[in-house]
Every structure is written in structure tokens, then in C-alpha cells.
Amino acid sequence: MDTRGSDRQMFLAGMRGIPPITDLITTSATSSTRNNGLRRFFQPILIDRYGDRGDYAGQQLNAEGDGSPGSVNDPNWNGMADPKWSPDGTAIAYWQALAVSPACGGTNPLPCETSTEPGGRTSRLMIAHLTSRKPSPAPKVAPISDEVPWGVAYEPGSPTPTRPRPPAGTYTLRGANHGTAKIEITETPDKIAIDTVSVTYTDYSDDGATTLNGAEKVTVTIPALTTSKVDWFSDLTQTGATKATKKTSPDGFHLTIDVLTNIFGATGTLTTTIDGKAYRQPANGM
């Protein structure tokens, strides 16, 4: 399940070739922007084991249709999590939920759609039949131990383990092809977590096809257990095979989001432009 095709997260992730350095502290917040409360921007994507390459980005299983209310590709019916293969490999089951208030209607620019499903249901099970595939025999799965050798057994009363992380300091990451990224990591006052990651790129390139210059700085605070407040400053330029920029407004981009509710609320702007096409963050609440 992915947001590709909706452009929902392109303002954050559209520029490729950036090493995942600020991801050290932004993962919870950025992954939560895929939703607007109960509305998800997921669609089921079939992709091979080798992933994106060239013009290949997989195929959306439910792309066919006219987009009308209740159709297989009605954008207001959102893909939910955990699709499953049929045992013979010829079908994929997934489920969808219809956007309902407050993710639509009221002050939200998206109007609420009347369900066309029996009884006005707002969830439905879908099955994608892969008609060009021949059934495969179900593989035999050998029994395995309940003990996971790399896991840490939990004993009641055990303290929460400390997650490994790079300590505060200054680091240099060399591009696989050329250039460098100078990294500064700052810890929280109690030194139990990272709160700021700052990166300056100088002619940085891993693939040799694009070159990255500029700087990015992100600070994350946790005002509540499931909430992240992100202060993001970015001024990146990419040249070469792809011409791109990733820039925040002068006062930065400031996002506060709860991973349990996923309501998008931000001030400032973050815009990624790829070969002339600009991707901007969604409006608050959308």
C-alpha cells in the first residue's frame, strides 16, 4: 500500500538521492502525513522484487475505472493496510474505507460522498484477480522455532531497552561517487535522544548522475508520547540528470502531528520542485 500516484508526500520525498540522515528523527512525523485522520491516501500497488527503476514504478491494482462514486478507483475509497495474496498467487485481497466526516465535509474542502455499497456501508473488501497468472502450488512452509534468535525476550517488569543511535557530534559522510555531507547531531538536554540533525551537502552524489548542494536542518521535540513537533529548514539544490530543489519558506516549515490521529497541521511551507513541477504540502486538515 502506497501513496504513490496521489502526490500526497512528494513535498517531503520527491527529491531522490538524499541520504536518509534527517530520517533519524523525522520518521514518525513524515510517515503520519500519509493520512488525514481516518482518510488514507493509500492505494494497492503491485511491484516486483527489484523496486523502482527507470520508468517502472509498479502498477496500481485498482487503476481501472471511471473514478465515479463507488467505482473500483473512486479516490474517496481509501486503501487500508495489509493486503494478502491468495494461496495460489492469482489474486490479492485488500480492503477500503470511505472518507467520512470529519475527514470530509464541514470545513474540510473535500465533500462527503454517499456510499453506494449495500446498507450504506463505509468499508468494503476488494479482490484483485491477476488474470494473466497461472495458479501456483502453495509452498510448503517448514516449522520454525517460536524463539527469535535476534530478538530480546521480554520479561515482565523489564526496563525499556535503549535504542542504538549515533552520539552527538560532527560527522562526514562521503558520497559513493563524489562529494561530502557534513553532519551535526545534537542531543536532548537529558541526553536520551537526538533532537536536531543538521546536514550541509557539498557536491554530494551517490549515483554520479545527480549532484546535491545546500543545507537542511531539522529539530524534533516530543510534547506528548505520540506527538511530534518538527521544525524544518531546507535549502537544497540538485543538478545533473534531474534538476530539483527542496526549500522551506524563510521562517521554516513547522509541523505538529499525532501518530494516532494523523491530522495535518502546519505553518510555513515546504516545497519540492522536480524538473519544473512543484509539490507543496497539503493544506491544514486535508
Side-chain angles (χ1 to χ4, degrees), residues 9-34 162-240 242-259 264-274 278-282 284:
Q9 295 175 298
M10 288 291 284
F11 76 103
L12 286 164
M15 182 186 282
R16 304 300 174 91
I18 304 176
I21 300 169
T22 59
D23 292 16
L24 284 166
I25 56 176
T26 61
T27 304
S28 294
T30 55
S31 62
S32 299
T33 62
R34 72 184 184 274
T162 301
R163 298 181 65 179
R165 57 181 173 81
T170 301
Y171 302 84
T172 297
L173 173 67
R174 299 191 181 280
N177 192 277
H178 59 74
T180 59
K182 180 181 178 181
I183 307 162
E184 295 184 16
I185 294 176
T186 305
E187 295 175 330
T188 55
D190 56 10
K191 301 187 181 301
I192 64 171
I194 296 171
D195 70 356
T196 301
V197 177
S198 178
V199 190
T200 300
Y201 296 97
T202 303
D203 295 331
Y204 182 94
S205 178
D206 282 330
D207 60 10
T210 59
T211 298
L212 185 63
N213 283 282
E216 195 162 44
K217 180 180 180 180
V218 183
T219 298
V220 174
T221 55
I222 310 296
L225 181 61
T226 60
T227 302
S228 294
K229 180 180 183 296
V230 182
D231 299 303
W232 200 313
F233 295 86
S234 183
D235 187 3
L236 299 178
T237 300
Q238 192 174 64
T239 56
T242 300
K243 293 177 173 57
T245 59
K246 183 180 180 184
K247 296 180 180 290
T248 53
S249 51
D251 58 344
F253 173 68
H254 309 280
L255 169 69
T256 300
I257 196 163
D258 187 323
V259 300
F264 192 99
T267 59
T269 61
L270 173 56
T271 304
T272 293
T273 304
I274 309 294
Y279 301 93
R280 298 178 177 85
Q281 83 270 10
N284 288 343

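We count residues from 1, following the sequence as given. These numbers come from the heavy atoms of this one structure, side chains and all, not from hydrogens, waters or symmetry mates.
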Is there a side-chain contact between Met10 and Thr272 in this structure, where contact means two heavy atoms from C-beta onward sitting under 4.5 Å apart? no
Kindly indicate whether the side chain of Leu255, heavy atoms from C-beta on, has any atom under 4.5 Å from the side chain of Thr33. yes
Between Gln9 and Tyr279, does the side-chain contact (heavy atoms from CB on, under 4.5 Å) criterion hold? Intermediate values first, please. CA-CA 9 Å; Gln9 295 175 298; Tyr279 301 93; over 6 Å; no
Step by step, work out the side-chain contact (heavy atoms from CB on, under 4.5 Å) result for Arg16 and Asp207. CA-CA 11 Å; Arg16 304 300 174 91; Asp207 60 10; over 6 Å; no
Spell out, as yes or no, whether a donor-acceptor pair under 3.5 Å connects the side chain of Ser205 to the backbone of Thr210. yes
Arg165 vs Glu187, salt bridge (charged side-chain N to carboxylate O under 4.0 Å, His left out): CA-CA, chis, key distance, verdict: CA-CA 10 Å; Arg165 57 181 173 81; Glu187 295 175 330; 2.8 Å; yes
Beyond-backbone contact of Phe11 with Thr269, side-chain heavy atoms, under 4.5 angstrom: no
Is any side-chain heavy atom of Thr256 closer than 4.5 Å to one of Thr227? yes
Between Tyr204 and Gly17, what is the shortest heavy-atom contact and its length? CE2-O, 4.4 Å
Within the 4.5 Å heavy-atom criterion, are Phe233 and Ser198 side-chain neighbours or not? no
Distance alone, cut at 3.5 Å: any donor-acceptor contact between the side chains of Thr226 and Asp258? yes
Looking only at atom types and distance, does a side-chain atom of Thr30 sit under 3.5 Å from a main-chain N or O of Thr26, one as donor and one as acceptor? yes
Rounded to the nearest 0.5 Å, what's the gap from CH2 on Trp232 to CG on Leu12? Could you check? 5.0 Å
So, do Met15 and Leu212 sit near enough that their side-chain heavy atoms are less than 4.5 Å apart? yes
Keeping Ser234 on the side-chain end and Thr248 on the backbone end, is there a donor-acceptor pair under 3.5 Å? no
Whether Glu184 side chain and Lys217 backbone form a donor-acceptor pair below 3.5 Å: no
Ignoring hydrogens and geometry, is there a side-chain-to-backbone donor-acceptor pair from Gln281 to Leu270 under 3.5 Å? yes
State, with a plain yes or no, whether a side-chain heavy atom of Leu24 is found less than 4.5 Å away from one of Pro166. yes
Short question: side chain of Asp206, backbone of Ala176 - any donor-acceptor pair under 3.5 Å? yes
Going through the distances and angles, do Thr273 and Lys247 end up as a side-chain contact (heavy atoms from CB on, under 4.5 Å)? CA-CA 9 Å; Thr273 304; Lys247 296 180 180 290; over 6 Å; no
4.5 Å side-chain heavy-atom contact, Glu216 and Leu236: yes
Scanning both residues in full, the closest heavy-atom pair of His178 with Asp203 reads ND1-O, 2.7 Å
Evaluate the side-chain contact (heavy atoms from CB on, under 4.5 Å) criterion for residues Ile25 and Asp195: first the C-alpha distance (whole Å), next the side-chain angles of each, then the deciding distance (0.1 Å), finally the verdict. CA-CA 7 Å; Ile25 56 176; Asp195 70 356; over 6 Å; no
